[in-house]
Amino acid sequence: VEIAKKRIKFLFQEANGVFKKDKELSNKYVKTARKIAMKYKIKLPSSIKKRFCKNCHSYLVPGVNSRVRIHKHRIIYYCFSCKHYMRHPVK
């Protein structure tokens, strides 16, 4: 389980590093990290959950392929590729 957590963290770091050069590869890293998390039943931390789209599973970079807004005690992420909204409560 610890190895899986390290692998997920590593995949998201790689997705961040590769994003400018190859967006499809970073999306593939996100999908792989999700599959690992589902296989070992690992809950992803909220910091990682906010980095990818829940609908199309693409890696999100605010201002490049997503929009981030704050409205009524919520952080709202809008994915440009699938036009999907994700709402996260602000504590």
Side-chain angles (χ1 to χ4, degrees):
V1 179
E2 292 301 316
I3 296 169
K5 285 182 182 177
K6 287 180 184 176
R7 184 76 180 144
I8 290 167
K9 194 173 182 181
F10 174 77
L11 283 167
F12 270 92
Q13 287 172 350
E14 286 297 307
N16 188 27
V18 151
F19 183 78
K20 284 184 180 179
K21 298 172 194 160
D22 190 5
K23 290 177 176 56
E24 290 302 314
L25 185 59
S26 64
N27 294 345
K28 190 176 177 183
Y29 286 153
V30 169
K31 286 179 184 174
T32 308
R34 283 189 69 254
K35 282 182 183 176
I36 292 169
M38 286 189 285
K39 183 176 181 179
Y40 294 101
K41 297 178 183 169
I42 298 169
K43 269 193 158 184
L44 294 173
S46 63
S47 60
I48 287 180
K49 278 186 182 179
K50 292 174 185 174
R51 287 197 215 158
F52 67 91
C53 178
K54 303 289 181 285
N55 193 38
C56 66
H57 311 300
S58 62
Y59 186 75
L60 297 179
V61 177
V64 180
N65 64 347
S66 69
R67 179 185 302 142
V68 182
R69 296 284 185 261
I70 299 173
H71 181 71
K72 291 185 180 175
H73 308 289
R74 288 188 197 102
I75 298 175
I76 301 169
Y77 291 85
Y78 176 71
C79 177
F80 291 159
S81 57
C82 69
K83 317 266 190 291
H84 188 256
Y85 288 95
M86 283 121 346
R87 295 168 187 86
H88 299 280
V90 176
K91 294 178 183 176

Straight-line distance of Glu14 CD to Thr32 OG1, nearest 0.5 Å = 12.0 Å
Spatial distance of atom NZ (Lys41) from atom NZ (Lys43) [nearest 0.5 Å] | 13.5 Å
For a quick test of your reading: what N or O donor-acceptor pairs under 3.5 Å do the side chains of residues 79-91 make, sequence neighbours left out?
{"residue": "Lys83", "atom": "NZ", "partner": "Phe80", "partner atom": "O", "Å": "3.4"}

Would you mind listing the cluster partners of Tyr29? Hydrophobic ones only (ILVMFWY), side-chain contacts under 4.5 Å, chaining allowed.
-> Val1, Ile8, Leu11, Phe12, Val18, Phe19, Leu25, Val30, Ile36, Tyr40, Ile42, Leu44, Ile48, Phe52, Tyr59, Val61, Val64
How does the hydrophobic cluster around Met38 look, that is, which other residues are in it when side-chain heavy atoms under 4.5 Å mark a link?
-> none
In terms of heavy-atom contacts, does NZ of Lys9 have more than 12 from other residues, nucleotides or ligands at under 6.0 Å?
-> no
Should Ile76 and Ile70 count as side-chain neighbours, where that means a heavy-atom distance under 4.5 Å?
-> no
Residues forming a side chain to side chain contact (heavy atoms under 4.5 Å, CB included) with [X], sequence neighbours excluded:
X     : answer
Glu2  : Lys5
Arg69 : Arg67
Val68 : Pro62, Ile75, Tyr77
Lys31 : His57

